[in-house]
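Chain naming here is simple, since letters A, B, ... match the order of the sequence lines and numbering starts at 1 in each. Being a predicted model, the structure only gives us computed values, none of them experimental.
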Number of protein chains: 2
Amino acid sequence: MSMDAVFKALADPVRRQLLDSLHARNGQTLGELCEGRGMSRQAVTKHLAVLETANLVATERRGREKLHYLNPVPIHEIADRWIGKYERGRLDALAALKRDLEGQSDG
Amino acid sequence: MSMDAVFKALADPVRRQLLDSLHARNGQTLGELCEGRGMSRQAVTKHLAVLETANLVATERRGREKLHYLNPVPIHEIADRWIGKYERGRLDALAALKRDLEGQSDG
DNA sequence: ACTATATGCAACTATTTAGTTGCCTTTCAA
DNA sequence: TTGAAAGGCAACTAAATAGTTGCATATAGT
């Protein structure tokens with residue numbers, strides 16, 4: 001639920017790649033998610049646990065396999081509540097930045 | 001430039017608060033950004049350095065003061081290139097998630 | 001039953017990170 | 001020119017993080 005957990009989860013490139021992988025093909029097993037990642041299975045497990053805690057990934061046990069599903073809702077919430085506010089005034093702020101940084105020095 | 005630096009910078013709540021503060025009032029000095037934060041000036045300085053490295057904050061020296069300006073461009077780029085792709089298929093993925101997680105158990 | 005496969009758990013290490021304190025430099029103002 | 005205000009630099013500590021290895025458990029297939 002906490003936004004902090006989501007931001008922290010997104011801070012690691014490996015975890016973002018895992019989300020990308022699930023985005024490309026949802027419902028992958030742990031083994032599949034480990035392939036070609038040059039890292040031990042346990043390391044990937046830990047990353048997936050972080051993503052699960054942040055509610056970015058949901059899992060389901062099927063027999064001896066564990067299937068992983070992307071949950072895009074927290075990302076949507078971040079984009080909505082936090083990033084949106086910076087984008088709204090984006091051009092204004094950009095103009096102000098230019099004015100402040102360049103307008104002071106010389107003319 | 002690197003997206004990783006931006007994500008890492010956004011991962012810390014103190015740094016997000018600093019961005020929020022600059023969003024509310026741009027061009028604050030270091031001293032102003034330290035006020036009411038319950039943390040040493042040097043700690044805040046380090047956080048601001050991280051934000052500067054990620055190009056989320058630009059600074060200008062004015063006399064003995066250092067002014068800080070929010071740069072919303074990297075946030076926009078993240079929203080554009082990375083978050084956007086998860087939002088586009090959001091409802092689809094959500095439906096798939098529900099189907100996968102609930103539809104399997106019973107029938 | 002036996003074996004291979006898929007995953008879980010736990011201890012350990014190395015690196016990074018967030019914060020501190022102490023001291024130095026620069027600038028403004030009397 | 002002297003003192004106070006604003007900030008910079010560097011060393012240190014504590015905690016979190018990312019990764020490892022070794023072993024245990026559970027399931028599938030024969």
Figure out the [atom1]/[atom2] separation between [X] and [N], and round it to whole Å.
X	N	atom1	atom2	answer
A/Arg62	D/dA26	CZ	P	21 Å
B/Asp4	D/dT17	CG	C1'	14 Å
A/Asp12	C/dT15	CG	P	17 Å
B/Glu60	D/dA6	CD	P	18 Å
B/Leu67	D/dG8	CG	P	11 Å
B/Leu48	D/dA6	CG	C1'	14 Å
A/Glu65	C/dA4	CD	P	19 Å

So, does [X] get its side chain near the phosphate of [N], meaning an N or O under 4.0 Å from OP1 or OP2?
X	N	value
B/Ser40	C/dG19	no
A/His47	D/dG19	yes
B/Lys66	D/dG8	yes

Starting the side chain at C-beta, find the nucleotide from [options] nearest to [X].
X	options	value
A/Lys46	C/dG19, D/dA18, D/dG7	D/dA18
A/Val14	D/dG19, C/dA18, C/dG19	D/dG19
A/Lys8	D/dA6, C/dG8, D/dT17	D/dT17
B/Leu30	D/dT20, C/dT7, D/dG8	D/dG8

Test item: B/Arg15 and B/Leu19 side chains (from C-beta on) under 4.5 Å apart, heavy atoms: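 SC-SC contact between B/Arg15 and B/Leu19 ruled out.
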
Can you check whether B/His76 and A/Tyr86 have ring centres sitting under 6.0 Å from each other?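 For B/His76 and A/Tyr86, the ring centres are not under 6.0 Å apart.
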
Which value, rounded to the nearest 0.5 Å, describes the distance between A/Leu67 atom CG and A/Leu30 atom CG?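 One finds 10.5 Å between CG of A/Leu67 and CG of A/Leu30.
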
For the residue pair [X] and [Y], what are the closest heavy atoms and their distance?
X	Y	value
A/Tyr69	A/Gly27	CE2-CA, 3.5 Å
B/Ala11	A/Asp4	O-OD1, 3.5 Å
A/Leu22	A/His68	CD2-O, 3.4 Å

Look at atom CZ of A/Arg61 and say whether more than 12 heavy atoms of other residues, nucleotides or ligands are closer to it than 6.0 Å.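 Atom CZ in A/Arg61 is packed in, count exceeds 12.
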
Check nucleotides 22-24 of chain D against the protein and report each pair of N or O atoms closer than 3.5 Å, with its distance, or say if there are none.
| unit_1 | atom_1 | unit_2 | atom_2 | d |
| --- | --- | --- | --- | --- |
| D/dG22 | O6 | A/Gln42 | NE2 | 3.1 |

DNA chain D: A/Arg61 or B/His68, which has the more 5' nearest nucleotide?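 Checking each residue's closest nucleotide, the 5'-ward one belongs to B/His68.
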
I'd like to know if B/Arg64 reaches the base of C/dT26 with its side chain, counting only an N/O donor and acceptor under 3.5 Å.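 Side chain to base: no pair present.
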
